[in-house]
Student: 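I am attaching a structure below and will ask some questions about it afterwards.
Throughout, protein chains are lettered first and strands after them, A, B, ... in sequence-line order, and every chain is numbered starting at 1.
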Amino acid sequence: MMSNRSWFLQLKPIPATVTEVRKEADDVCTLCFDAPMLDRAMPGQYVMVWVHRLDEVPMALSSYNAITIQNVGEATRVLTGMKPGDIIGLRGPYGSGFGIKGSDILIIAGGVGAAPLAPLAEACASRGIKVTALLGAKTVSDLIFVERFKAVGELMTATDDGTEGYLGPVTELMKDVNLEEYDQLYACGPELMMRGVLDMCAERGIESTLQMSLHRYVKCGVGLCGACCIDPDGLRVCCEGPVFTGDKLVGSELGKYRRDASGRKTYPWGRE
Amino acid sequence: MTDISTEVTGLKVRSPAMLAAGVLGTTGTSLRRIAVSGAGAVVTKSLGVQPSEGHPGPNLVEVDCGFLNAMGLPNPSCAAFLDEMDAAREAGVPIIASVIGRNAEEFSGAARLMGGADALELNVSCPHAERGYGASICSDPDLLADIVRSVKGSVKIPVWVKLPPYVDKITELGIISEKNGADAVVAINTVPAMAIDINTGMPILGNITGGLSGPAIKPISLKCTYDLYKALKIPVISVGGIAGWEDAVEFIMAGAAAVQVGSALHNNIDIFREIETGIKAYLEEKGMTLEAMRGIAHRKT
């Protein structure tokens with residue numbers, strides 16, 4: 001049999017002009033851009049954002065033409081300071097995206113982790129899927145996309161300081177709903193929150209109905225450099241993820257460690 | 001079924017197709033995954049005595065004939081990587097540690113730290129390394145000789161030297177490597193290259209320039225293998241644009257003892273099994289052995 005010789009998609013970064021900047025929270029903003037090539041992007045996919053003369057960083061699409069950025073480092077600081085008319089480069093969309101299925105779904109979002117979940121909620125609702133969302137953040141002003149989630153389904157909120165909704169982590173809200181009733185569960189947020197969601201699903205034996213979007217150091221975006229591989233199966237977050245089903249993550253490094261830009265293991269959540 | 005297991009510098013491999021350095025080699029479990037998927041051997045990410053974060057992005061850009069990358073040799077350091085070796089070993093295929101340095105002392109230090117690997121591959125050919133590392137070593141034949149000799153004196157395992165694609169000089173570099181004790185040469189590293197964003201006029205890679213891999217460099221690499229096979233007694237391990245069993249066969253016909261695959265993994269994580277199956281079927285059809293096929297192109301001129 002001849003080998004399949006199909007090779008390249010010819011994806012150089014394409015230029016995109018910022019058309020609108022929306023402040024979502026103290027250190028979070030949404031950049032909308034003109035990038036028609038992203039029309040085909042699926043919720044959960046991401047783009048490699050080239051901040052000229054500085055770096056290139058992976059960003060989940062928060063709508064087909066927008067990214068939502070938290071200021072956590074040099075590149076994100078420049079991005080959060082951008083104005084309409086500024087130009088960035090975009091490679092993508094990359095990654096697996098969320099699989100849309102079932103007729104009744106639960107979304108669990110923490111902080112800026114709501115970014116890929118808001119377009120998912122909208123895509124599901126537009127297909128007649130019933131959407132329930134649990135949204136958590138540190139404080140009321142950090143709850144993002146409240147209106148977007150409310151517009152397409154039921155929303156429950158939680159804040160660490162009790163300034164809105166339930167006082168405590170968003171995973172506590174999961175205890176008030178019957179997780180087994182949902183056809184699919186979708187989660188994105190801080191890693192320990194996602195670990196908590198995974199553990200709760202695994203305890204109930206429903207981890208394969210859970211889809212989670214992971215964060216790892218993504219450099220090449222096309223599954224070659226290996227910077228984003230996760231243990232223990234060597235799955236590539238950049239192209240086989242960032243969305244994985246829970247059954248692929250039980251027993252993984254999630255919530256235990258991750259690797260930095262050099263590939264060294266780091267333990268931001270403490271060593272067991 | 002035809003046997004395509006072979007021996008390269010004393011290492012027994014079940015297939016002549018190996019994972020190339022720099023690709024999916026940062027973690028032990030990713031090396032294990034590729035080994036389990038059918039690679040005859042796997043080469044780690046290039047490791048130095050000190051950890052490095054590599055260049056700022058963009059680190060990779062797709063061009064119409066391949067990939068352009070300037071990772072900048074990010075690596076967790078030899079010492080940190082020892083922790084990854086256990087998982088990599090579980091698949092039972094040889095692990096080749098790619099090592100970097102700026103001089104004989106640094107190379108030997110890295111080599112000793114990775115002395116538990118099955119072989120070493122000296123990266124003296126990366127075109128986008130920090131000053132003093134990578135390809136700049138090959139512009140100084142004495143330095144190359146010094147490094148190879150020194151590493152050979154520091155470890156007991158086979159030492160392979162990965163050469164840059166300097167088409168007119170590569171046999172000379174191969175001869176220097178061989179004379180100073182190298183057990184094999186690996187050819188070729190990526191080809192110095194760049195891409196510019198015509199909308200802004202800016203070079204795209206964070207490092208401005210990088211290395212080209214993929215189909216564009218295959219014929220270049222093939223000529224290097226052909227020339228090296230003729231000039232050297234030690235084995236030539238070929239790398240550059242191999243994306244299917246037909247390519248592997250072509251390189252073996254040019255004299256390759258084994259081949260390495262990198263860029264083609266981006267859309268085909270199962271490529272090693274396919275190459276293995278493809279070569280076996282080809283040899284069966286032709287009624288030939290792997291050894292009989294090796295270097296056949298030299299006998300057909």
Side-chain angles (χ1 to χ4, degrees), chain A residues 1-17 48-58 74-75 87-91 216-236 238-240 252-253 258-266, chain B residues 22-34 45 51-54 56-67 69 71 74-77 80-81 83-84 87 195 197 199-200 202 204 206 213-215 243-247 262-269 271 274-275 277-278 281:
Chain A
M1 196 181 74
M2 295 284 284
S3 295
N4 174 10
R5 315 296 304 207
S6 75
W7 189 272
F8 292 101
L9 304 170
Q10 300 187 34
L11 281 173
K12 274 190 184 179
I14 59 132
T17 305
M48 292 300 289
V49 181
W50 177 18
V51 184
H52 294 147
R53 295 197 180 83
L54 186 62
D55 207 352
E56 189 187 42
V57 288
E74 222 183 334
I87 294 172
I88 52 177
L90 296 174
R91 283 198 287 143
R216 279 297 177 269
Y217 222 106
V218 168
K219 290 188 177 190
C220 79
V222 296
L224 284 178
C225 77
C228 67
C229 289
I230 54 168
D231 293 336
D233 298 323
L235 293 170
R236 299 168 291 176
C238 75
C239 62
E240 289 157 311
S252 75
E253 67 179 52
R258 62 185 178 211
R259 288 179 177 82
D260 66 12
S262 75
R264 272 172 300 182
K265 284 181 187 167
T266 63
Chain B
V23 176
L24 297 175
T26 301
T27 72
T29 60
S30 115
L31 287 166
R32 182 183 62 197
R33 177 185 185 189
I34 299 303
K45 186 98 186 138
S52 168
E53 296 198 343
N59 293 119
L60 177 136
V61 52
E62 291 181 47
V63 290
D64 52 12
C65 56
F67 287 114
N69 92 84
M71 303 304 297
N75 80 94
S77 79
F81 198 82
D83 185 35
E84 308 281 350
D197 175 29
N199 301 286
T200 59
M202 290 177 198
I204 297 175
S213 63
W245 67 265
E246 299 94 330
D247 299 327
S263 298
L265 281 155
H266 87 283
N267 65 353
N268 189 0
I269 195 83
I271 190 165
E274 292 175 18
I275 290 177
T277 314

Student: Is B/N59 close to chain A through its backbone or its side chain, or both, or neither, when contacts mean heavy atoms under 4.5 Å?
Tutor: both
Student: Distance check, rounded to the nearest 0.5 Å: B/H266 atom NE2 versus A/C225 atom SG?
Tutor: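 If I round to the nearest 0.5 Å, the distance is 13.5 Å.
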Student: Mind checking the OG1-CZ spacing from B/T26 to A/R264? Nearest 0.5 Å is all I need.
Tutor: 13.0 Å
Student: Between the main-chain N or O of A/P232 and the side-chain N or O of B/R32, is there a donor-acceptor pair closer than 3.5 Å?
Tutor: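 The answer is yes, because a donor-acceptor pair under 3.5 Å joins these two groups.
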Student: Measuring only between side-chain heavy atoms, which start at C-beta, is A/E56 closer than 4.5 Å to B/L60?
Tutor: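 Counting from C-beta outward, A/E56 and B/L60 never come under 4.5 Å.
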Student: Atom OG1 of B/T29 and atom CD of A/E253: how far apart are they, to the nearest 0.5 Å?
Tutor: 7.5 Å
Student: Between SG of A/C229 and CZ of B/R33, what distance do you get to the nearest 0.5 Å?
Tutor: 7.5 Å
Student: What part of B/M202 lies closer than 4.5 angstrom to a heavy atom of chain A: side chain, backbone, both or neither?
Tutor: both
Student: Looking only at heavy atoms, which two atoms of B/P74 and A/K219 are closest? And how far apart?
Tutor: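 Of all heavy-atom pairs spanning B/P74 and A/K219, the closest is CB-NZ, 3.4 Å.
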Student: Most heavy-atom pairs under 4.5 angstrom with chain B, which of A/V57, A/D260, A/L235?
Tutor: A/L235
Student: Which pair of non-hydrogen atoms, one from B/I204 and one from A/P13, has the smallest distance, and what is that distance?
Tutor: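 Looking at all heavy atoms of both residues, the closest pair is CG2-CG, 3.7 Å.
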Student: Looking at A/R53, A/R259, A/E240, A/K265, which has the largest count of heavy-atom pairs under 4.5 Å with chain B?
Tutor: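 Going by pairs under 4.5 Å, I would pick A/R259.
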Student: Report which part of A/R236 has an atom under 4.5 Å of a heavy atom belonging to chain B: side chain, backbone, both, or neither.
Tutor: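 For A/R236, backbone and side chain are both near chain B.
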Student: Examine whether an atom of B/S77 lies under 4.5 Å from a heavy atom of chain A, and if so say whether it belongs to the side chain, the backbone or both; otherwise answer neither.
Tutor: neither
Student: Of all of A/D231, A/I87, A/V51, which one pairs up most often with chain B through heavy atoms under 4.5 Å apart?
Tutor: A/D231
Student: What's the shortest heavy-atom distance between B/E62 and A/K12, and which atoms?
Tutor: O-CG, 3.5 Å
Student: Please report the interatomic distance CG(B/N69) to CG(A/L224), rounded to the nearest 0.5 Å.
Tutor: 8.5 Å
Student: Rounded at 0.5 Å granularity, tell me how far OG in B/S30 sits from CG in A/D233.
Tutor: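 Spacing of OG (B/S30) from CG (A/D233) equals 11.5 Å.
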Student: Measure distances from B/A80 to the heavy atoms of chain A and classify the residue's part below 4.5 Å as side chain, backbone, both or neither.
Tutor: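 For B/A80, the contact with chain A is made by the side chain alone.
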Student: Less than 4.5 Å to any heavy atom of chain B: does that hold for the side chain of A/C239, its backbone, both, or neither?
Tutor: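 No part of A/C239 comes within 4.5 Å of chain B.
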